[in-house]
Number of protein chains: 2
Amino acid sequence: MADDSAVVADFPAAGHDHARCLAGALATAEALCRHRGLRLTELRRQVLELIWAEHRPIKAYELLERLRERRSGVAPPTVYRALDFLLQEGLIHRVESMSAYIGCSAPERRHPVQLLVCRRCAAVAELADGEIEALLRRKAQGLGFEVDSATIELEGVCPQCRG
Amino acid sequence: MADDSAVVADFPAAGHDHARCLAGALATAEALCRHRGLRLTELRRQVLELIWAEHRPIKAYELLERLRERRSGVAPPTVYRALDFLLQEGLIHRVESMSAYIGCSAPERRHPVQLLVCRRCAAVAELADGEIEALLRRKAQGLGFEVDSATIELEGVCPQCRG
DNA sequence: CCTAGAATGTTATACCGTACCGAATATGCC
DNA sequence: GGCATATTCGGTACGGTATAACATTCTAGG
């Protein structure tokens, strides 16, 4: 049980209940914002919901389309502002290698983030592995470099797609 | 000497000789392409030269501007094609977090890449650390995930900027 | 209420990257 | 050399990503 808490979100299994984890994520976000004195407005909540509904990385302009089915006259800045807020509060992550966004599975605490992205089905697993974090920090320190943040993304094939 | 070869390129020191490492990089690229039976055309050589001349991550459209000072009628695809070739052959790396490109300091052999990017001066150090690679692979394997490639970028402050 | 700050609406534009097609150039074969 | 073939390059047009700047609306607190 040395690093049991490292896996924040495994790849979704076959019988995985989407609706349930969506509801859970929204509830957590609501609680978290209340606790931090922030406003999870209707817009922000809708964007977060659309992201979790996908349960895969989703692109900003895809969100824009979906949002337009619910609200009229939504323009890019509207989406990007909501994304900025959610990123800021650690409620979502940006997948750099895809220019896309995905819900964070453990937003209540700040944690290092390592993403495993399947190149077949685009499913994502999320790690918050302290051992990786520590090793990277140690290596950087060896060069006198002080790490502020890290982008760690592994592309490969998930267990489901390996069959 | 467990991991002495991990640091491929440290942050450039004060008295660092730009011209020399540019020349070295071009010579290496030339040798490497000859060895692989590939054509380091004038265009590709010029793009590689512009990237190394900067010695910092440089953006595609910045390269485009610089190229236009030497050639007439250069359009985006011209630059991107050259970049694709150089990326393919491991002669340069893409810095995902900046949408920019930087020369690889050890192109002769394929290696894992970890980049340390200074958020003050944008200087970059390059690691090819097998220990990091192995740890990531091991963690991924724990989830049944098979890693094909990785994007590892650390943002922070370099020793020079820390003063 | 009233007001200051936050959030959102709206327009326009900058930046990053690619599909596609045709021209030029290099390479291998006779 | 002359020819067919494949690679590379020029150039147009466009699509995807993101933000600047300013107007408007909403919200919380006095």
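Order of the sequence lines fixes the chain letters, A, B, ..., with proteins taken first and strands second; residue numbering starts at 1 for each chain.
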Among C:dT11, D:dC9, D:dG10, which is the nearest nucleotide to the side chain of A:P77? C:dT11
According to a strict under-4.0 Å criterion, is A:T78 in side-chain N/O contact with OP1 or OP2 of C:dT8? no
Are B:E153 and B:S97 linked by a side-chain donor-acceptor pair shorter than 3.5 Å? yes
Nearest-Å distance for atom pair CZ/C1', residues B:R44 and C:dT25: 12 Å
Protein-nucleotide distance (A:E96, atom CD; C:dG17, atom P), rounded to Å: 12 Å
With a 4.0 Å limit, can you tell me whether A:S99 has a side-chain N or O closer than that to the phosphate oxygens OP1/OP2 of D:dG16? no
It should be established whether A:R39 places a side-chain nitrogen or oxygen under 4.0 Å from OP1 or OP2 of nucleotide C:dG5. no
Is there a side-chain contact between B:R81 and the phosphate of C:dC20, meaning an N or O under 4.0 Å from OP1 or OP2? no
Rounded to the nearest 0.5 Å, what's the gap from SG on A:C33 to CG on A:L86? Could you check? 8.0 Å
So do the side chains of A:R36 and A:L32 get within less than 4.5 Å of each other, counting heavy atoms only? yes
I want to check one thing: is the phosphate of C:dG17, taken as OP1 and OP2, less than 4.0 Å away from some side-chain N or O of B:Y80? yes
Roughly how far, to the nearest 0.5 Å, is CZ of A:R162 from CD of B:E146? 5.0 Å
On the nucleotide C:dC15, are OP1 or OP2 found under 4.0 Å from the side-chain N or O atoms that B:K59 carries? no
Candidate nucleotides C:dG17, C:dG9, D:dA18, ranked by approach to the side chain of B:A60 - the nearest: C:dG17
Is any side-chain N or O of B:Y61 under 3.5 Å from a base N or O of C:dG17, one able to act as donor and the other as acceptor? yes
Side-chain N or O of B:Y101 less than 4.0 angstrom from OP1 or OP2 on C:dG17? yes
